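Structure first, commentary second.
The structure presented is a predicted model; accordingly, all values stated were derived computationally and were not measured.
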Amino acid sequence: MRTIQVNVGLSNNPLTADQVVNYFATLQGYRLMAYYVTTKTYLGEPEETFVGMLEYNYANDSKVLQDFEKIASEMNQDCIALSTKKMEVLAFNPSYSGEVFRFDSELFEYMKDAELIKRR
């Protein structure tokens with residue numbers, strides 16, 4: 001199994017934090033391993049953010065990217081930040097037409113091993 005870490009903003013999101021947790025807990029092809037909600041910054045503004053780690057078994061990371069582009073659309077997000085062993089990218093909502101920016105590891109909330117162990 002492979003793992004993916006995600007940061008999903010909750011501002012503008014039609015789902016509450018609990019609904020986002022349930023969404024990822026029941027997302028086909030993925031297994032929610034651990035999560036928490038924290039405050040991060042997006043475009044200079046503080047935003048409550050879902051930080052999650054999921055397992056997936058897809059061989060091709062392009063499938064994961066495609067899935068998260070769809071999720072960004074469903075959750076009314078400009079983009080969702082993703083980190084795997086092979087890639088660190090922003091999965092943009094297909095209807096997003098604003099400025100395209102790159103993944104910034106300084107802004108990404110990484111889940112540490114101790115946090116993961118604590119939440120299993």
Side-chain angles (χ1 to χ4, degrees):
M1 284 292 203
R2 297 180 172 115
T3 60
I4 183 171
Q5 293 191 43
V6 301
N7 286 193
V8 180
L10 298 177
S11 296
N12 274 356
N13 198 321
L15 304 179
T16 65
D18 288 340
Q19 289 171 322
V20 169
V21 170
N22 187 57
Y23 182 96
F24 285 112
T26 59
L27 184 60
Q28 189 164 352
Y30 299 85
R31 183 175 74 84
L32 182 61
M33 297 170 56
Y35 71 90
Y36 57 89
V37 175
T38 190
T39 301
K40 295 298 291 178
T41 301
Y42 179 67
L43 299 179
E45 297 293 322
E47 177 179 33
E48 267 200 311
T49 302
F50 168 88
V51 177
M53 180 173 285
L54 299 101
E55 277 186 335
Y56 67 98
N57 58 5
Y58 299 114
N60 193 335
D61 280 351
S62 64
K63 167 67 172 139
V64 174
L65 184 58
Q66 182 180 28
D67 286 349
F68 277 87
E69 288 171 345
K70 180 180 174 223
I71 293 166
S73 178
E74 292 172 1
M75 293 190 179
N76 197 33
Q77 299 297 295
D78 294 342
C79 59
I80 295 176
L82 311 172
S83 176
T84 71
K85 288 187 179 191
K86 290 184 180 178
M87 66 178 177
E88 291 190 321
V89 299
L90 300 175
F92 280 91
N93 182 330
S95 66
Y96 177 73
S97 61
E99 179 184 353
V100 177
F101 35 95
R102 295 183 181 268
F103 181 94
D104 186 339
S105 61
E106 296 293 317
L107 298 175
F108 190 80
E109 178 77 12
Y110 291 94
M111 190 173 286
K112 285 45 165 203
D113 290 339
E115 292 167 336
L116 178 59
I117 292 166
K118 191 168 54 174
R119 288 173 170 75
R120 280 190 184 185

Report task. Can you sort out the partners of Ser62 under side chain to side chain donor-acceptor pair (under 3.5 Å), two or more places apart, ordered by chain and number? Result -> Asn60

Query raised in the report: CD of Glu69 to CZ of Phe92: how many Å apart, nearest 0.5 Å?
Result: 9.5 Å

**Report entry** Output field: ring centroids Phe50/Tyr36 closer than 6.0 Å
**Finding:** no

Query raised in the report: Can you name the side chain to side chain donor-acceptor pair (under 3.5 Å) partners of Glu55, sequence neighbours left out?
Result: Arg31

Report summary line: Residues pairing under side-chain hydrogen bond (donor to acceptor under 3.5 Å, both in side chains) where one sits in residues 95-105, two or more places apart or in two chains, turn out to be Asn93-Ser95

Query raised in the report: About how many Å separate CG of Leu10 and OG1 of Thr16, when rounded to the nearest 0.5 Å?
Result: 8.5 Å

Query raised in the report: Can you name the residues that form a side chain to side chain contact (heavy atoms under 4.5 Å, CB included) with Lys63, not counting sequence neighbours?
Result: Tyr58, Gln66, Asp67

Query - With Lys86 via side chain to side chain contact (heavy atoms under 4.5 Å, CB included) - residues at least two apart - result: Arg2, Asp61, Thr84

Query raised in the report: Relative to the ring of Phe103, is the ring of Tyr110 parallel (under 30°), tilted (30 to 60°) or perpendicular (over 60°)?
Result: perpendicular

Query raised in the report: Which heavy-atom pair separates Leu82 from Ala91 by the least distance, and what is that distance?
Result: CD1-CB, 3.9 Å

Report task. Quick one: closest heavy-atom pair of Ser73 and Pro94, and the distance? Result -> CB-CD, 4.1 Å

Report summary line: Those residues at least two apart in sequence (or on a different chain) that pass side chain to side chain contact (heavy atoms under 4.5 Å, CB included) with Ser11 are Glu47

